[in-house]
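Per chain, numbering begins at 1; letters A, B, ... match sequence-line order.
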Protein chains: 2
Amino acid sequence: MAKMEDVAKVAGVSKSTVSNVFSEKRPISKEVKERVLRIANELNYKPNYWARSLAVKETRIIGLNMQAEKVKFSQFHLSLLNGVLNECYKQGYRLLVNTLSDNYKNKVEFQTSDPVDGEILLDPEIEDPRIVGRMKQNIPLVVIGKPPQTYEDKLSYVDNNNVSAAEGIGKHLISLGHKDILFLNAPSFRTVSMDRELGFKISLKEAGIELDSDQVVYKDKKSSSVEFGYEKAKEILIQNNKITAIITDNDKMALGVYRAAEEEGYSIPNDLAVISFSDDSVYATEFSPPLSCVHLNGEQLGSESAKLLIDQLHTNKPLVKRIIVPTHFEKRGSCSNS
Amino acid sequence: MAKMEDVAKVAGVSKSTVSNVFSEKRPISKEVKERVLRIANELNYKPNYWARSLAVKETRIIGLNMQAEKVKFSQFHLSLLNGVLNECYKQGYRLLVNTLSDNYKNKVEFQTSDPVDGEILLDPEIEDPRIVGRMKQNIPLVVIGKPPQTYEDKLSYVDNNNVSAAEGIGKHLISLGHKDILFLNAPSFRTVSMDRELGFKISLKEAGIELDSDQVVYKDKKSSSVEFGYEKAKEILIQNNKITAIITDNDKMALGVYRAAEEEGYSIPNDLAVISFSDDSVYATEFSPPLSCVHLNGEQLGSESAKLLIDQLHTNKPLVKRIIVPTHFEKRGSCSNS
DNA sequence: CTGTTAGCGCCTTCAT
DNA sequence: ATGAAGGCGCTAACAG
């Protein structure tokens, strides 16, 4: 691979001239420029990314960090990713997806810092060593979702209005006459589950409805969303429990609930109402009956977070901003016939 | 940010000792090692990725290249991505998603080479400047899908058996008595559309069935898959065309077909059979009736391609391999009642 | 407008 | 088992 010096020699100019032809940082006479470019092309030369990064101390790469164990993008992550990519695309940034396994990760993370200018962090948890680490290293950071309480006013994040969204669907179900609602929540270690649970409980409290402790269940790591939804729904339907409505953490979970309901001969929405925090698939409308959802605008969460991070990189001030992306409730056939 | 020299000074050792503590490339006495690590930790030191890459001429990053205009991952891309990530994860590689917009891209690609050891290239097209460019630059490359004919025996790729898969569902439909089949194919500039069309035509030819030229339609860039499926299906159903079966390029297209059929009062599969090249969503089973699919094993395509690329990087020989990931047909209610 | 010099932070010989 | 010196390919500061 040819380097800058080779081009310079053949073109009969200095390295810095070649450098500036490519960076356009200072004016170069037309003839020289053309000659250099022609020769660069002949030599198949392109400036080396890493050498350049080393010199300018900037990579124009941002990292997208998922939890390592999960290494599996969901439909919702896909929306986030599309939003992030789209913004990167606009601003000429590249995106590094960071998913090193735990055993390898310890070794690699230990060996080197990440080759990024800043990071977007997904699925924050209540105890999140990733955040602690980044803060310590002073890596520009934007979290998608609510950060752990300790860090809430120390870093930038982009989040939905999860409390009021959950409160909203709680109230909606109550207004339809439901009193015994099961909430199949996100895993308990995720920050998002706290906010949604809070909103849900507020709605019940305002209506003066008591809540049994087993009416909020957290997804565990073992089963898939479909399985979890299926099993929990099956359980309560078989017990002939008083539950008349189920809120699920995502569409796949709702799918599991649908299957259980069908098997047990429960009809949706007559015998059982279902509302989901949507994971943005286009298929919610294809459920029979179509699934009522809280739409989270994943793509917007993604693009806003990228925008925020890149802004932060440019201003270079450690600003602490929070952006709330509104959800909207999409009422369909799964919670009421009317 | 502390650098190696800082650590060396405080620890009272040389730079190379510090270097070797981190790289473990030569034995270091236990006491020195511990002291260096302690001080590195105190100083919050981590080796700089770019400086390291520059010196060793390796980044341990592989690129995932999508066409820039599209900058939108589909469900199928998501499966590929998960497969690729999983393999990267296992082998300690990072993944760079490359999607620079055309205007920006020209500038940036022109400015620097890509910061990757090799690339996986998605959605190859019949005329694909990306491939030409990579070959010229001698960048290790693996294509997912069939490369343009000129390059088929010059580079490694991972692909489905699209010809025989298409032939298989063609034959299946014919065996069910269908003679007039509409094929809503991928865009005409994609290599995949050629293979599938070929297979489809083989099945017809063997059965001695004539094909009208308008029975293979290529998706255009303007409309989404759902729209395209909807519009084309609507057209032929309104025309009261003789078509009795439709093959779609993906599940969303099939969704559009379902909608058109419902609106026009056609019943699936009685009045119209539908089979899709699946994009791997879990929702195909939720269609009413459940959608028959050719399953493409996207995740395997992804992991095989990453494996192949990384192998190639390690051996350093420009091997040319092809891996065919088998598809399998999943028969459900959308093509026959039995 | 163009050339020269000195790093960027690491790794890699070659010494000892 | 450890040090010292040179170089990876580029940019930046200073010169002219």
Side-chain angles (χ1 to χ4, degrees), chain A residues 1-37 39-40 43-61 108-117 137, chain B residues 1-37 39-40 43-61 108-117 137-139:
Chain A
M1 188 77 190
K3 50 187 164 185
M4 197 169 262
E5 204 174 347
D6 303 332
V7 177
K9 262 183 199 153
V10 179
V13 295
S14 72
K15 278 202 302 178
S16 61
T17 298
V18 177
S19 172
N20 284 290
V21 166
F22 280 90
S23 69
E24 297 178 327
K25 289 212 174 168
R26 69 187 190 192
I28 302 283
S29 69
K30 205 182 165 197
E31 45 179 0
V32 172
K33 181 170 184 175
E34 279 171 359
R35 180 153 40 100
V36 168
L37 285 179
I39 289 167
L43 266 49
N44 228 324
Y45 168 77
K46 286 194 183 183
N48 178 298
Y49 201 101
W50 299 107
R52 180 173 194 286
S53 293
L54 182 58
V56 301
K57 293 163 172 290
E58 184 202 58
T59 64
R60 291 192 82 82
I61 295 177
V108 176
E109 283 215 343
F110 163 78
Q111 277 182 187
T112 71
S113 61
D114 257 0
V116 296
D117 294 340
Q137 298 277 330
Chain B
M1 189 77 191
K3 52 186 162 186
M4 198 168 261
E5 202 175 349
D6 303 332
V7 178
K9 261 183 200 152
V10 178
V13 296
S14 73
K15 281 200 299 175
S16 57
T17 300
V18 178
S19 172
N20 284 290
V21 167
F22 281 89
S23 69
E24 298 178 327
K25 290 211 173 169
R26 68 186 191 193
I28 302 284
S29 69
K30 203 182 169 200
E31 46 179 359
V32 172
K33 182 171 183 173
E34 277 170 1
R35 181 153 37 99
V36 168
L37 284 179
I39 288 168
L43 265 47
N44 227 322
Y45 167 78
K46 289 195 180 179
N48 178 299
Y49 202 100
W50 324 308
R52 180 171 195 287
S53 295
L54 183 58
V56 301
K57 292 164 174 289
E58 184 202 56
T59 65
R60 290 192 83 79
I61 295 178
V108 177
E109 284 216 341
F110 163 78
Q111 277 181 184
T112 72
S113 60
D114 258 1
V116 298
D117 293 341
Q137 299 277 328
N138 244 331
I139 297 171

Determine whether B/Met4 and B/Tyr45 make a side-chain contact, defined as any pair of heavy atoms from C-beta on separated by less than 4.5 Å.
yes
Just checking B/Ser16: base, sugar-phosphate only, or nothing, at a heavy-atom cut-off of under 4.0 Å?
base
Looking only at side-chain N and O atoms, does A/Lys57 come under 4.0 Å of OP1 or OP2 in D/dT11?
no
Using a cut-off of strictly less than 4.0 Å, decide whether A/Tyr49 has a side-chain nitrogen or oxygen near OP1 or OP2 of D/dT11.
no
What's the closest nucleotide to the side chain of A/Arg26 if the choices are C/dT2, C/dC14, C/dA6?
C/dT2
Ignoring the backbone of A/Leu54, work out which of D/dT11, C/dC8, C/dC10 is nearest its side chain.
C/dC8
Between D/dA12 atom P and A/Glu24 atom CD, what is the distance in whole Å?
14 Å
Between the main-chain N or O of B/Ser19 and the side-chain N or O of B/Ser23, is there a donor-acceptor pair closer than 3.5 Å?
yes
Would you check if the side chain of A/Tyr49 reaches a backbone N or O of A/Thr59 as a donor-acceptor pair within less than 3.5 Å?
yes
Quick note, A/Met4 side chain, CB onward, closest among C/dG3, D/dC10, D/dG3 is D/dC10
Would you name the heavy atoms of B/Arg35 and B/Gly12 that are closest together and state the gap between them?
NH1-N, 4.5 Å
Whole Å only: how far is the CD atom of A/Glu5 from the P atom of C/dT4?
11 Å
Over how many whole Å does the gap from B/Lys9 atom NZ to D/dG3 atom P extend?
14 Å
Tell me: NZ of A/Lys25 to C1' of D/dA13, nearest whole Å?
13 Å
Send over the distance from B/Asn20 CG to C/dC11 C1', rounded to a whole Å.
9 Å
Send over the distance from A/Met1 CE to D/dG9 C1', rounded to a whole Å.
11 Å
Of the candidate nucleotides D/dG9, D/dG3, C/dC10, which contains the atom at the shortest distance from the side chain of B/Lys15?
C/dC10
Taking atom P of C/dC8 as reference, at what distance in whole Å does atom CG of B/Asp6 sit?
11 Å
Check the side chains of A/Thr17 and A/Ser14 for a donor-acceptor pair under 3.5 angstrom, ignoring hydrogens and angles.
yes
If you check every side-chain atom of B/Val56, which of C/dG9, C/dG7, C/dT12 has the closest atom?
C/dT12
Rounded to whole Å, please give me the gap between NZ in A/Lys30 and P in C/dT2.
14 Å
Which residue lies more 5' along DNA chain D, comparing A/Ser19 with B/Thr17 via nearest heavy atoms:
B/Thr17
Closer to the 5' end of DNA chain D via nearest nucleotide, is it B/Ile28 or A/Trp50?
B/Ile28
OP1 or OP2 of D/dC8 versus the side-chain N and O atoms of B/Ser53: is any pair under 4.0 Å?
no
